[in-house]
2 protein chains.
Amino acid sequence: MTSTEPARPAVRPTRQRRAVTAALAAFDDFRSAQEIHDLITRQGDSVGLATVYRALSALADSGEVDMLRSEDGEAIWRRCSDTHHHHLVCRSCGATVEVEGPAVERWTSAIAGEHGYADISHTLEIFGTCPACRVS
Amino acid sequence: MTSTEPARPAVRPTRQRRAVTAALAAFDDFRSAQEIHDLITRQGDSVGLATVYRALSALADSGEVDMLRSEDGEAIWRRCSDTHHHHLVCRSCGATVEVEGPAVERWTSAIAGEHGYADISHTLEIFGTCPACRVS
DNA sequence: CCTGAGTTGACAACGATTCTCAACATCGCT
DNA sequence: AGCGATGTTGAGAATCGTTGTCAACTCAGG
Ligand SMILES: [Zn+2]
Ligand SMILES: [Zn+2]
Ligand SMILES: [Zn+2]
Ligand SMILES: [Zn+2]
(Lines give C-alpha, C1' and ligand atoms only; values in the text may rest on other atoms or scores of the structure.)
(Ligands and ions follow the chains in the order given, each with its own letter.)
Protein backbone atom coordinates (compact mmCIF):
# COMPACT_ATOMS: atom_id res chain seq x y z
CA MET A 1 0.00 0.00 0.00
CA THR A 2 1.17 3.48 -0.71
CA SER A 3 -0.37 4.89 2.44
CA THR A 4 -2.31 3.90 5.51
CA GLU A 5 -4.65 6.81 4.96
CA PRO A 6 -7.86 6.03 3.08
CA ALA A 7 -7.25 8.60 0.34
CA ARG A 8 -8.21 11.85 1.98
CA PRO A 9 -10.47 14.07 -0.13
CA ALA A 10 -8.62 17.19 0.97
CA VAL A 11 -11.61 19.41 1.56
CA ARG A 12 -10.69 23.06 1.77
CA PRO A 13 -12.22 25.61 4.14
CA THR A 14 -13.06 28.25 1.59
CA ARG A 15 -14.93 31.49 2.05
CA GLN A 16 -17.90 29.99 0.23
CA ARG A 17 -18.15 26.93 2.40
CA ARG A 18 -17.88 29.01 5.49
CA ALA A 19 -20.69 31.23 4.25
CA VAL A 20 -22.94 28.20 3.81
CA THR A 21 -22.27 26.80 7.28
CA ALA A 22 -22.82 30.27 8.72
CA ALA A 23 -26.17 30.53 6.96
CA LEU A 24 -27.14 27.11 8.22
CA ALA A 25 -26.26 28.20 11.72
CA ALA A 26 -28.53 31.21 11.36
CA PHE A 27 -31.55 29.02 10.67
CA ASP A 28 -32.99 26.53 13.07
CA ASP A 29 -35.48 25.05 10.66
CA PHE A 30 -35.32 23.31 7.32
CA ARG A 31 -34.63 25.58 4.37
CA SER A 32 -34.26 25.13 0.65
CA ALA A 33 -30.98 25.73 -1.13
CA GLN A 34 -32.54 28.85 -2.62
CA GLU A 35 -33.39 30.27 0.79
CA ILE A 36 -29.91 29.58 2.08
CA HIS A 37 -28.44 31.19 -0.99
CA ASP A 38 -30.72 34.19 -0.54
CA LEU A 39 -29.62 34.68 3.05
CA ILE A 40 -25.97 34.62 2.03
CA THR A 41 -26.65 37.17 -0.67
CA ARG A 42 -28.64 39.40 1.65
CA GLN A 43 -25.67 39.48 4.00
CA GLY A 44 -23.43 40.89 1.31
CA ASP A 45 -21.58 37.71 0.53
CA SER A 46 -21.56 36.40 -2.99
CA VAL A 47 -21.65 32.65 -3.52
CA GLY A 48 -22.87 30.87 -6.61
CA LEU A 49 -26.02 28.81 -6.25
CA ALA A 50 -24.28 25.76 -7.66
CA THR A 51 -21.64 26.13 -4.98
CA VAL A 52 -24.31 26.24 -2.31
CA TYR A 53 -25.67 22.97 -3.63
CA ARG A 54 -22.20 21.47 -3.65
CA ALA A 55 -21.50 22.56 -0.09
CA LEU A 56 -24.84 21.31 1.18
CA SER A 57 -24.37 17.93 -0.46
CA ALA A 58 -20.93 17.56 1.03
CA LEU A 59 -22.18 18.50 4.49
CA ALA A 60 -25.03 16.04 4.16
CA ASP A 61 -22.61 13.29 3.17
CA SER A 62 -20.45 14.02 6.17
CA GLY A 63 -23.52 13.89 8.42
CA GLU A 64 -23.34 17.48 9.60
CA VAL A 65 -26.65 18.43 8.05
CA ASP A 66 -29.88 16.58 7.40
CA MET A 67 -31.57 16.76 4.05
CA LEU A 68 -35.15 15.76 3.57
CA ARG A 69 -37.82 16.42 1.02
CA SER A 70 -40.74 18.73 1.65
CA GLU A 71 -44.18 17.50 0.73
CA ASP A 72 -43.80 18.88 -2.76
CA GLY A 73 -40.51 17.10 -3.30
CA GLU A 74 -38.10 19.98 -2.82
CA ALA A 75 -34.89 19.26 -0.94
CA ILE A 76 -34.62 21.13 2.35
CA TRP A 77 -31.65 21.27 4.68
CA ARG A 78 -30.82 21.88 8.32
CA ARG A 79 -27.79 21.56 10.55
CA CYS A 80 -28.60 18.74 12.94
CA SER A 81 -27.21 16.70 15.76
CA ASP A 82 -25.18 13.76 14.61
CA THR A 83 -27.19 11.09 16.37
CA HIS A 84 -29.89 9.31 14.42
CA HIS A 85 -33.22 11.08 14.79
CA HIS A 86 -36.33 12.14 12.94
CA HIS A 87 -38.27 15.38 12.60
CA LEU A 88 -41.53 16.98 13.50
CA VAL A 89 -41.87 19.81 11.01
CA CYS A 90 -44.42 22.63 10.85
CA ARG A 91 -45.98 22.62 7.43
CA SER A 92 -46.58 26.35 7.64
CA CYS A 93 -43.53 27.99 9.25
CA GLY A 94 -41.01 25.17 9.14
CA ALA A 95 -40.38 25.06 12.89
CA THR A 96 -38.65 21.77 13.54
CA VAL A 97 -38.33 19.47 16.52
CA GLU A 98 -35.86 16.62 16.50
CA VAL A 99 -37.45 13.48 17.88
CA GLU A 100 -36.13 10.06 18.75
CA GLY A 101 -38.06 6.84 18.90
CA PRO A 102 -36.09 3.78 19.92
CA ALA A 103 -39.26 1.73 19.63
CA VAL A 104 -39.70 2.79 16.04
CA GLU A 105 -36.11 1.93 15.27
CA ARG A 106 -36.65 -1.49 16.73
CA TRP A 107 -39.90 -1.92 14.85
CA THR A 108 -38.39 -1.13 11.46
CA SER A 109 -35.55 -3.59 12.02
CA ALA A 110 -37.96 -6.27 13.13
CA ILE A 111 -40.31 -5.79 10.20
CA ALA A 112 -37.46 -5.82 7.74
CA GLY A 113 -36.04 -8.95 9.32
CA GLU A 114 -39.37 -10.74 9.22
CA HIS A 115 -39.48 -10.28 5.48
CA GLY A 116 -35.86 -11.17 4.95
CA TYR A 117 -34.79 -7.69 3.93
CA ALA A 118 -31.24 -6.70 4.86
CA ASP A 119 -29.12 -3.58 4.80
CA ILE A 120 -32.00 -1.48 6.08
CA SER A 121 -32.47 2.26 6.04
CA HIS A 122 -35.59 4.23 6.69
CA THR A 123 -37.15 7.65 6.44
CA LEU A 124 -39.68 8.95 8.92
CA GLU A 125 -40.90 12.50 9.04
CA ILE A 126 -43.90 14.00 10.74
CA PHE A 127 -45.60 17.10 9.36
CA GLY A 128 -48.13 19.22 11.17
CA THR A 129 -49.08 22.72 12.22
CA CYS A 130 -47.15 24.09 15.17
CA PRO A 131 -48.76 25.95 18.10
CA ALA A 132 -47.56 29.34 16.90
CA CYS A 133 -49.20 28.83 13.52
CA ARG A 134 -52.46 27.71 15.09
CA VAL A 135 -53.61 31.17 16.18
CA SER A 136 -56.44 31.32 13.65
CA MET B 1 -78.88 24.00 0.12
CA THR B 2 -79.46 23.16 -3.49
CA SER B 3 -78.67 19.50 -2.99
CA THR B 4 -77.77 16.99 -0.36
CA GLU B 5 -74.89 15.76 -2.52
CA PRO B 6 -71.53 17.38 -1.89
CA ALA B 7 -71.11 18.52 -5.50
CA ARG B 8 -70.09 15.36 -7.33
CA PRO B 9 -67.11 15.82 -9.65
CA ALA B 10 -68.62 13.53 -12.29
CA VAL B 11 -65.52 11.53 -13.09
CA ARG B 12 -65.78 9.67 -16.36
CA PRO B 13 -64.33 6.23 -17.02
CA THR B 14 -62.52 7.13 -20.19
CA ARG B 15 -60.25 5.00 -22.31
CA GLN B 16 -57.26 6.95 -20.99
CA ARG B 17 -58.10 6.48 -17.33
CA ARG B 18 -58.72 2.80 -17.91
CA ALA B 19 -55.33 2.49 -19.56
CA VAL B 20 -53.65 4.02 -16.54
CA THR B 21 -55.35 1.73 -14.05
CA ALA B 22 -54.54 -1.24 -16.28
CA ALA B 23 -50.88 -0.25 -16.35
CA LEU B 24 -50.88 0.12 -12.58
CA ALA B 25 -52.37 -3.34 -12.28
CA ALA B 26 -49.56 -4.74 -14.40
CA PHE B 27 -46.92 -3.51 -11.96
CA ASP B 28 -46.63 -4.63 -8.40
CA ASP B 29 -43.93 -2.18 -7.42
CA PHE B 30 -43.59 1.57 -7.42
CA ARG B 31 -43.12 3.18 -10.83
CA SER B 32 -42.64 6.67 -12.13
CA ALA B 33 -45.22 8.40 -14.30
CA GLN B 34 -42.83 8.04 -17.19
CA GLU B 35 -42.58 4.27 -16.77
CA ILE B 36 -46.33 3.95 -16.57
CA HIS B 37 -46.72 6.08 -19.65
CA ASP B 38 -44.11 3.98 -21.46
CA LEU B 39 -45.94 0.76 -20.67
CA ILE B 40 -49.18 2.17 -22.01
CA THR B 41 -47.42 3.25 -25.19
CA ARG B 42 -45.66 -0.08 -25.61
CA GLN B 43 -49.04 -1.77 -25.49
CA GLY B 44 -50.28 0.20 -28.45
CA ASP B 45 -52.45 2.60 -26.52
CA SER B 46 -51.87 6.31 -26.88
CA VAL B 47 -52.34 8.53 -23.85
CA GLY B 48 -50.74 11.90 -23.28
CA LEU B 49 -48.21 12.13 -20.50
CA ALA B 50 -50.07 15.02 -18.92
CA THR B 51 -53.18 12.87 -18.83
CA VAL B 52 -51.24 10.12 -17.08
CA TYR B 53 -50.22 12.63 -14.45
CA ARG B 54 -53.79 13.81 -14.08
CA ALA B 55 -55.12 10.27 -13.72
CA LEU B 56 -52.44 9.31 -11.20
CA SER B 57 -53.09 12.40 -9.11
CA ALA B 58 -56.82 11.71 -9.11
CA LEU B 59 -56.29 8.09 -8.11
CA ALA B 60 -53.93 9.17 -5.35
CA ASP B 61 -56.49 11.65 -4.07
CA SER B 62 -59.14 8.97 -3.99
CA GLY B 63 -56.79 6.67 -2.11
CA GLU B 64 -56.58 3.96 -4.75
CA VAL B 65 -52.89 4.44 -5.34
CA ASP B 66 -50.01 5.47 -3.12
CA MET B 67 -47.51 8.05 -4.24
CA LEU B 68 -44.17 8.43 -2.60
CA ARG B 69 -40.86 9.95 -3.54
CA SER B 70 -37.86 7.90 -4.50
CA GLU B 71 -34.55 8.78 -2.91
CA ASP B 72 -33.81 11.24 -5.70
CA GLY B 73 -37.13 13.05 -5.24
CA GLU B 74 -39.04 11.62 -8.17
CA ALA B 75 -42.70 10.77 -7.60
CA ILE B 76 -43.42 7.05 -7.88
CA TRP B 77 -46.82 5.36 -7.81
CA ARG B 78 -48.38 2.04 -7.01
CA ARG B 79 -51.92 0.65 -6.69
CA CYS B 80 -52.32 -0.11 -3.01
CA SER B 81 -54.82 -1.24 -0.45
CA ASP B 82 -56.95 1.58 0.83
CA THR B 83 -56.07 1.20 4.49
CA HIS B 84 -53.29 3.33 5.89
CA HIS B 85 -49.97 1.52 5.63
CA HIS B 86 -46.30 1.95 4.89
CA HIS B 87 -43.78 0.21 2.64
CA LEU B 88 -40.78 -2.00 2.78
CA VAL B 89 -39.08 -1.47 -0.56
CA CYS B 90 -36.16 -3.33 -2.09
CA ARG B 91 -33.53 -0.84 -3.06
CA SER B 92 -32.34 -3.08 -5.86
CA CYS B 93 -35.39 -4.61 -7.57
CA GLY B 94 -38.21 -2.50 -6.15
CA ALA B 95 -40.11 -5.41 -4.62
CA THR B 96 -42.56 -3.87 -2.18
CA VAL B 97 -44.24 -5.16 0.96
CA GLU B 98 -47.06 -3.24 2.57
CA VAL B 99 -46.60 -3.06 6.32
CA GLU B 100 -48.75 -1.76 9.14
CA GLY B 101 -47.61 -0.52 12.50
CA PRO B 102 -50.34 0.61 14.84
CA ALA B 103 -47.72 1.34 17.46
CA VAL B 104 -45.93 3.69 15.11
CA GLU B 105 -49.17 5.43 14.28
CA ARG B 106 -49.82 5.93 17.96
CA TRP B 107 -46.29 7.12 18.54
CA THR B 108 -46.41 9.78 15.84
CA SER B 109 -49.71 11.13 17.16
CA ALA B 110 -48.38 11.17 20.69
CA ILE B 111 -45.14 12.93 19.76
CA ALA B 112 -46.99 15.49 17.71
CA GLY B 113 -49.45 16.10 20.53
CA GLU B 114 -46.72 16.52 23.09
CA HIS B 115 -45.29 19.37 21.08
CA GLY B 116 -48.64 20.94 20.33
CA TYR B 117 -48.58 20.16 16.63
CA ALA B 118 -51.95 19.53 15.01
CA ASP B 119 -53.24 18.36 11.67
CA ILE B 120 -50.61 15.66 11.50
CA SER B 121 -49.43 13.63 8.57
CA HIS B 122 -46.38 11.45 8.31
CA THR B 123 -44.19 9.57 5.90
CA LEU B 124 -42.45 6.34 6.80
CA GLU B 125 -40.69 4.14 4.29
CA ILE B 126 -38.23 1.37 4.85
CA PHE B 127 -35.59 0.54 2.24
CA GLY B 128 -33.50 -2.60 2.13
CA THR B 129 -32.33 -5.51 0.02
CA CYS B 130 -34.87 -8.27 -0.45
CA PRO B 131 -34.07 -11.98 -0.12
CA ALA B 132 -34.12 -12.53 -3.89
CA CYS B 133 -31.53 -9.82 -4.40
CA ARG B 134 -29.30 -11.20 -1.67
CA VAL B 135 -27.99 -14.16 -3.67
CA SER B 136 -24.50 -12.75 -3.97
C1' DC C 1 -79.33 16.57 -33.01
C1' DC C 2 -77.80 20.25 -29.34
C1' DT C 3 -75.62 21.74 -25.48
C1' DG C 4 -72.76 21.91 -21.52
C1' DA C 5 -69.57 20.06 -18.53
C1' DG C 6 -65.78 17.09 -18.13
C1' DT C 7 -61.55 15.48 -20.69
C1' DT C 8 -57.68 15.33 -23.63
C1' DG C 9 -53.17 16.28 -25.96
C1' DA C 10 -49.57 18.96 -27.96
C1' DC C 11 -46.69 22.15 -26.40
C1' DA C 12 -45.06 25.89 -23.70
C1' DA C 13 -43.62 27.13 -19.26
C1' DC C 14 -41.59 26.33 -14.86
C1' DG C 15 -38.46 25.30 -11.28
C1' DA C 16 -35.15 22.60 -8.92
C1' DT C 17 -30.92 20.48 -9.68
C1' DT C 18 -26.82 19.25 -12.30
C1' DC C 19 -23.30 19.90 -15.84
C1' DT C 20 -19.52 22.33 -18.27
C1' DC C 21 -15.33 24.33 -18.28
C1' DA C 22 -12.26 28.04 -18.07
C1' DA C 23 -10.62 31.06 -14.39
C1' DC C 24 -9.23 30.92 -9.69
C1' DA C 25 -7.56 29.62 -4.87
C1' DT C 26 -5.01 26.72 -1.92
C1' DC C 27 -1.71 23.33 -0.46
C1' DG C 28 2.74 21.25 -0.15
C1' DC C 29 7.19 21.76 -1.34
C1' DT C 30 11.52 24.01 -2.35
C1' DA D 1 8.39 33.88 -2.23
C1' DG D 2 7.83 30.86 -6.32
C1' DC D 3 5.71 26.79 -8.51
C1' DG D 4 3.17 23.13 -10.01
C1' DA D 5 -0.69 19.90 -8.85
C1' DT D 6 -5.05 19.69 -7.55
C1' DG D 7 -9.33 21.12 -5.46
C1' DT D 8 -12.92 24.90 -6.08
C1' DT D 9 -15.82 28.30 -8.11
C1' DG D 10 -19.33 30.70 -10.97
C1' DA D 11 -22.06 31.91 -14.99
C1' DG D 12 -24.78 30.00 -17.79
C1' DA D 13 -26.51 26.16 -20.36
C1' DA D 14 -28.70 21.91 -20.01
C1' DT D 15 -31.65 18.33 -17.92
C1' DC D 16 -35.76 16.66 -16.44
C1' DG D 17 -39.95 15.97 -13.76
C1' DT D 18 -44.08 18.33 -13.40
C1' DT D 19 -47.71 21.70 -14.26
C1' DG D 20 -50.23 25.18 -17.04
C1' DT D 21 -52.69 26.59 -21.42
C1' DC D 22 -56.31 26.19 -24.39
C1' DA D 23 -58.62 24.76 -28.42
C1' DA D 24 -60.53 20.46 -29.94
C1' DC D 25 -63.11 16.60 -28.38
C1' DT D 26 -66.33 13.20 -25.93
C1' DC D 27 -70.38 11.99 -24.01
C1' DA D 28 -74.54 12.06 -21.36
C1' DG D 29 -79.19 13.87 -21.35
C1' DG D 30 -82.90 16.38 -23.06
ZN1 LIG E 1 -32.19 16.30 11.86
ZN1 LIG F 1 -34.94 6.08 12.70
ZN1 LIG G 1 -49.07 1.38 -0.36
ZN1 LIG H 1 -48.61 5.60 9.30
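Chain identifiers are assigned alphabetically (A, B, ...) following the order of the sequence lines, protein sequences preceding nucleic acid strands; residue numbering begins at 1 within each chain.
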Does [X] have a side-chain nitrogen or oxygen under 4.0 Å from the phosphate oxygens OP1 or OP2 of [N]?
| X | N | value |
| --- | --- | --- |
| Y53(B) | dT19(D) | no |
| T14(A) | dT9(D) | yes |
| T51(B) | dT8(C) | no |
| Q16(B) | dG9(C) | yes |
| R69(B) | dG17(D) | no |

How close or far is atom [atom2] of [N] from atom [atom1] of [X], stated in whole angstroms?
| X | N | atom1 | atom2 | answer |
| --- | --- | --- | --- | --- |
| H37(A) | dA11(D) | NE2 | P | 8 Å |
| L56(B) | dT19(D) | CG | P | 10 Å |
| L59(B) | dT7(C) | CG | C1' | 15 Å |
| R31(B) | dG17(D) | CZ | P | 15 Å |
| R15(B) | dT7(C) | CZ | C1' | 11 Å |
| D72(B) | dG15(C) | CG | C1' | 16 Å |
| L49(A) | dA16(C) | CG | P | 9 Å |
| R18(B) | dT7(C) | CZ | P | 13 Å |

[X]-[Y] side chain donor-acceptor pair, cut-off 3.5 Å:
| X | Y | answer |
| --- | --- | --- |
| R106(A) | S109(A) | no |
| E105(B) | H122(B) | yes |
| T123(B) | R69(B) | no |
| R18(A) | T21(A) | no |

Out of [options], whichever nucleotide has its closest atom nearest the side chain of [X]:
| X | options | answer |
| --- | --- | --- |
| V47(A) | dT17(C), dG10(D), dT8(D) | dG10(D) |
| R17(B) | dG10(D), dT17(C), dG6(C) | dG6(C) |
| E74(A) | dA16(C), dG10(D), dT8(C) | dA16(C) |

Counting distance alone, no hydrogens or angles: does the base of dA5(C) have a donor or acceptor under 3.5 Å from a partner atom on the side chain of R12(B)?
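Check passes, donor-acceptor contact within cut-off.
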
dG6(C) base / R54(B) side chain donor-acceptor hit below 3.5 Å:
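Counting by modelled atom types and ignoring angles, no donor-acceptor contact under 3.5 Å is found here.
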
Between the side chains of R134(A) and D119(B), is the shortest nitrogen-to-carboxylate-oxygen separation below 4.0 Å, so that they form an ion pair?
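No, no charged N to carboxylate O under 4.0 Å.
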
Select base, sugar-phosphate, or nothing to describe what S32(A) touches, counting heavy atoms under 4.0 Å on all strands.
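Counting heavy atoms under 4.0 Å across all strands, no contact is made by S32(A).
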
